Amino acid sequence: MASQHSESGLSDFFSGDHHNCDSKWVRIEALLDSGDSASLGTAWQDFDQSTRRHLDMEEEVLFPAFEARSGMGQSGPTVVMREEHQQIRALLDQIAVAIGAGDTEEALDLGDTLHMLTQQHNIKEEGMLYPMAEDVLGEEWTELKQKLAIY
Amino acid sequence: MNGGMPNAGLSLEQAPHLLVPASFFLMVPLSLLLAGAILMHAGVASLSHPWNPQVIALTHVGTIGVLLMGMVGALYQMTPVVAGTPVAAIRVAHGVHVLLLTGLVCFVWRLLGGPAFAMTLAGYSLAMALLGFLLPVGWSLASSVTRDETTLGMRLAVASLAVLAAMGLLVARGYAESGFPDNRFLLTQVHLTVALLGWVGGLIVSISWQVVPMFYLAPSPAKRSRQAMLGALVAGLILPFAAFAMQPNNDVALSPTRLAAVAALPAALAVWFFHPLLTLHSIHQRKRRRTDASLLYWRAGLSVALLLVPLAAMASLADDYRWQILFGWLAIWGWAGMILHGMLTRIMPFLVWFHRLTPLIGKMRVPSIRGLLSQGRIKTGFAIHLASLVLGAATIVTQSDILARLTGLAITATGFSLGSSLVHVLHLGQRHLLQHPIK
């Protein structure tokens, strides 16, 4: 997945990945609505893995590089982003339980909640964090991109 | 390396306490109860001639009590997230809240027969409230490094609020027996333009560019369209001021007041034609095909907006005063009020969930946002709001006193519906924290 953004800058790369995850959630909603349980399992796995992979890429590659170059570690924006990542992961777990139990309404409602949480999270990342990271990590982007390619 | 690098807005701790936006949001249903009481008490007089004190009172309950309160609460919440800078001295917001409420009550009191000093008190209260709001929020928006169209639109809206407030206070002096200014009608016309198009329109338009794509995964309008709309909005807000340079004349067709109304056309077209058309199209093309109840409000409000340019033309050209009242009714309660009502049903549950329940995620099973406020409840609120809107329009056309009082009843019901929903959400969020043990 990461390779599809290989020609873009840091902001475009991560923002594009946000949109990619959004599209995958749209598919889950449609499948839950239509009751297509045969396709739901695969689609859910795809969405769940894509979302977790995005969070891992940020926490293991982007944030450490940003913190090192900006000097903003303990009190910087990445602290809050990491906290919100944990909340996103926990909601993914809850949705997986609801899907596993066949509770469609609960899965849809929790999915809507996850959507709201991630969207406000994405606004902060796309509006502030990525532009800041692009400023301080511009020269390292090629190297970082190679690290991200393994995800 | 991090000198001058903004990290504001990226922390939940920098968002205001839930009490800040919630206290303003709760004033919206209370103001609806006040509006309903005015309609039930004064009857059709409150939806008749534009210069009737009851009409002016009802209008300002709508603009200050409903729209301003809701929008101020939303700006306190959204400014740190969208502009990326926290609002300084956030505790002042509690003072702003009290002063706005005092100002509104005194304003209405004077217009419904209270003493002149009530308007003096209203003027000072509202002026201090708006200073307390505009300075920190304006500073936060002005110092933001974000340069997108949403932030620019929010800046325009906040600047418009400062201008409309100054003009409104000049006119309000007349009700405090300090004498109306000579150009009262022109001042009122431009006050109305800046209020509806600059403040309310600027905020609805710019916030929609953020929230419609976010909530519904709908396509954003092209950057060029957003810039064109902002440009037209600015032009339509500046041009009417040229009318102040005109000499007063007796030619009704070319009066400064009428020319000021015509000069606002670029802004009116941007806010009440292009924006609703593009946003309705965007909603139609949304990726999330599920119909969320809040979409009902967006669709209804934007559809009403499409009626406002022709209605404004009739209000400006026709002698029948009912056009002016109908225009005002639909603009305040049908367009802006409808969209604000829908946004509150989406924002309030999210804020309660975000502030009260996110600390529990991962430690226990948390309810969903929709679990805090059901879709059925939101749809009921919409139906009552719509009924009151139609009843009010019918009252204006027929000038029926019974219909006016029924409209008051429906507005009161809308207030109860919204108020009970907001309190229900707050109560559930709190109860969940207290009752659910960590598993």
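None of these values were measured; they are calculated from a predicted model. So that the names make sense, note that chain A is the first sequence line, chain B the second, and so on, each numbered from 1. Just the heavy atoms: all of them, side chains too, but no hydrogens, waters or symmetry mates, feed the values below.
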In terms of heavy-atom contacts, A/H115 and B/F215 come closest through NE2-O, 3.4 Å
Shortest non-hydrogen pair, B/V366 vs A/L110, comes out as O-CD2, 3.9 Å
Ordered numerically, the heavy-atom neighbours of chain A under 4.5 Å found in residues 281-300 of chain B are B/K287, B/R288, B/R290
Interatomic distance, CD1@B/I369 vs CG@A/L114, rounded to 0.5 Å, equals 9.5 Å
Rounded to the nearest 0.5 angstrom, the CD-CG distance for A/Q87 and B/L357 is 10.5 Å
So, the part of A/E106 with a heavy atom under 4.5 Å from chain B: the answer is side chain
Under 4.5 Å to a heavy atom of chain B? For A/L91 that would be both
Closest non-hydrogen atoms of A/L117 and B/F350, given as atom of the first, atom of the second and distance, are N-CE1, 4.2 Å
Contact list (residues 149-159 of chain B to chain A, heavy-atom gap under 4.5 Å, by number) returns none
Note to self: Less than 4.5 Å apart, side chain to side chain, heavy atoms only: is that true for A/M116 and B/R346?
What the structure shows: yes
If one checks every heavy atom of B/Q210 against chain A at 4.5 Å, the contacting part turns out to be side chain
To the nearest 0.5 Å, atom CZ of B/R365 lies from atom CG of A/D93 at 13.5 Å
dist B/F354:CZ -> A/E84:CD (nearest 0.5 Å) comes out at 4.5 Å
Under 4.5 Å to a heavy atom of chain B? For A/D109 that would be both
Separation between CD (A/E83) and CD1 (B/I361), nearest 0.5 Å, reads 11.5 Å
When the 4.5 angstrom heavy-atom criterion is applied to A/E126 and chain B, the contacting part is neither
